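Residues: numbered from 1 along the sequence shown. Please read all numbers here as calculations on a predicted model, not as lab measurements. Just follow the structure's listing: the first ligand is 1, and inside any ligand the first atom is 1. For the numbers below, each heavy atom of this structure counts, side chains included, while hydrogens, waters and symmetry mates do not.
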Amino acid sequence: TTRPHIVILGAGYGGLCAAYRLQKKLQPGQAMITLVDRNGYHVNKISLHEVALGNALSQDISYDLVPVVRQPHARVLKAEVLSIDRKNQLVHTSEEDLAYDYLVIALGFVPETFGIQGMAENAFQIENLAQSEAIARHIEDCFRRYAFADAADRDPLDLAILVGGSGFTGTELLGEIGDRVPLLCKKYGIDQSLVSIRCVSADHQFLPMFSPKEAQEVMDYLVSCGISFYMDAMIHEATPKSFRFKDENGDHEFKANTLIWTGGVSGSPLMKETFGDAVKRGRLIVNSDLTAPGYDNIYVLGDCAAFISKGKDRPEPTTAQIATQMGYHAADNIVRTILRRPRHAFVYHYRGTVCSLGARHGLADLKGRTVKGFLAMRLKLFIESVTDYKVSGLYNAIKHTRLFKLFNF
Ligand code: NAD
């Protein structure tokens, strides 16, 4: 008999966890594992906002897949996934076609612009390393251009940053801006009072998952960094140098040379192409064992999956935390199936949420207990290292840890 072929699409938190677990739990005689990703590396996307302000480097938050997926029966294929043919159990990629017995779809997110005119073309989005590096370069270029221009030629918009959205991505990004702007002002001899940082958000309440008091403390901290907030404000258009939005007082336009959109995310567009209208915002409601409805050999994880916990009526929010747990669970269910045992239902264990605010502040909810300030931020680095351990093993986790930053007060 031939060995079953397990194909995993995407080397994010979910896909890499699944690949790592499968190569450990299955012997080379039991299965072949192919992990497909357009990049040959994994990115700790929970830290992309740090790269976006130049407060971390790309190499700090990413690592090669080959040393992680290195068992004789596992391989990494660096290729773009083009389409999934469920009928013939085939994945078409830019490099080769892969016939699968088990498929794990963990293709992650893309930023969602909800069709807002001009948004995709004119605003930066926190999506990948290249985009994040581009944001950091762009902001520094603007500050440098301002500083070196003749007084008469200076463009105040070079010192203006506009952020659309105040979810976790927007908030953590603003925290990094709060750290970075004083450094840039010092470096280029710019008076910080000339810098304008504004956040426009459709939300009514800031950080609704925290108590109003805690959310207010976060906002107060960001305001103390020179950031202004415009809540209950719906952006409907982006131009090359502005956001246009409506609030209860009417229409407004804010101008800036740096526009960043953090208005939300969708699962991979391949989800809709593969599963059709059942997919909403790139997410498919999965069975309790994480398989796709109607396909007991296809697992869908992370940002591509909508998992509804027992007794709840809405899907769990998409986070690295749930994706990691799903990766392990899908791998375990595949192993069970290969060993002819029944699959288990997935149970999501919520451990808490950390919102970093630059390198020195943050807010964490640990199942009802709140941790604030410096400790919360350090907690985030700790979680990052634990996650590295889960997706890539102890050796790689130690090699890549930024935990030593703990001592870098
Ligand atoms: P989100 O959907 O949570 O937030 C989107 C924000 O954009 C909201 O503030 C919303 O009001 C605003 N918005 C949307 N349309 C708008 C419009 N037209 N005009 C103005 N504002 C508009 O998106 P996110 O912050 O990217 O988060 C995505 C997912 O990733 C979430 O599930 C989140 O929990 C998770 N995440 C978690 C962490 C963490 O745990 N630290 C960090 C980042 C992201």
Margin query: Can you tell whether the side chains of E140 and R180 come within less than 4.0 Å, N to carboxylate O?
Written below: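 Looking at R180 together with E140, the answer is yes, because their closest N to O distance falls below 4.0 Å.
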Which atoms of ligand 1 have any heavy atom of [X] under 4.0 Å away?
X    : answer
I116 : 18 (N)
A233 : 19 (N), 20 (C)
E172 : 41 (N), 42 (C)
T262 : 5 (C), 6 (C), 7 (O)

Give the residue, atom name and distance (to 0.1 Å) of the protein heavy atom nearest [atom].
atom                    : result
atom 3 (O) of ligand 1  : G167 CA, 4.1 Å
atom 15 (N) of ligand 1 : W261 CH2, 3.6 Å
atom 14 (C) of ligand 1 : G263 O, 3.4 Å
atom 21 (N) of ligand 1 : A202 N, 3.0 Å
atom 27 (O) of ligand 1 : T169 OG1, 3.6 Å
atom 12 (C) of ligand 1 : G165 CA, 3.6 Å
atom 2 (O) of ligand 1  : G264 CA, 3.7 Å

Next item on the list: Would you indicate whether Y348, at its atom OH, is surrounded by more than 12 heavy atoms from other residues, nucleotides or ligands within a distance under 6.0 Å?
Entry: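 Atom OH in Y348 is packed in, count exceeds 12.
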Ignoring hydrogens and geometry beyond distance, is a side-chain donor-acceptor pair present between [X] and [Y] at under 3.5 Å?
X    : Y    : answer
E80  : S94  : no
T291 : N287 : yes
H204 : D232 : yes
H252 : D247 : yes

Item checked: Selection from T318, V354, V163 by shortest heavy-atom distance to atom 40 (O) of ligand 1 ->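 Looking at heavy atoms only, the winner is V354.
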Next item on the list: Only heavy atoms count here, so choose which of D203, L207, I235 is nearest to atom 19 (N) of ligand 1.
Entry: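 Among D203, L207, I235, the closest heavy atom to atom 19 (N) of ligand 1 belongs to I235.
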Item checked: side-chain contact (heavy atoms from CB on, under 4.5 Å) partner of K241, chosen from L162, D155, T258 -> D155
Next item on the list: Could you tell me whether a side-chain N or O of D179 sits under 3.5 Å from a main-chain N or O of E176, the two making a donor and an acceptor?
Entry: no
Next item on the list: Without swapping roles, check the side chain of E273 against the backbone of S83 for a donor-acceptor pair under 3.5 Å.
Entry: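 No, the answer is negative, given that no donor and acceptor are paired below the 3.5 Å cut-off.
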Note to self: Is the terminal nitrogen or CZ of R154 (NZ for Lys, CZ for Arg) located under 6.0 angstrom from the six-membered ring centre of Y146 and within 45° of that ring's axis?
What the structure shows: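 Yes, R154 and Y146 form such a contact.
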Check: How does S356 reach ligand 1, by side chain, by backbone, by both or by neither, if only non-hydrogen atoms under 4.0 Å count?
Finding: neither
Item checked: Part of K380 with heavy atoms under 4.0 Å of ligand 1, whether side chain, backbone, both or neither -> side chain
Please check whether [X] reaches ligand 1 - meaning an N/O of the residue sits under 3.5 Å from an N/O of the ligand, judged on distance alone.
X    : value
V265 : no
F168 : yes
T319 : no
R281 : no

Item checked: H42 and Y63: CA distance, side-chain angles, deciding distance, ring-ring contact (aromatic ring centres under 6.0 Å, His included) verdict -> CA-CA 5 Å; H42 167 81; Y63 48 85; 5.3 Å; yes
Checklist line | Min heavy-atom dist G164 to ligand 1 below 4.0 Å | finding: no
Notebook entry, point to check: How long is the span from the OH atom in Y41 to the CD1 atom in I61, to the nearest 0.5 Å?
Noted result: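 Nearest 0.5 Å value for the OH-CD1 distance: 9.5 Å.
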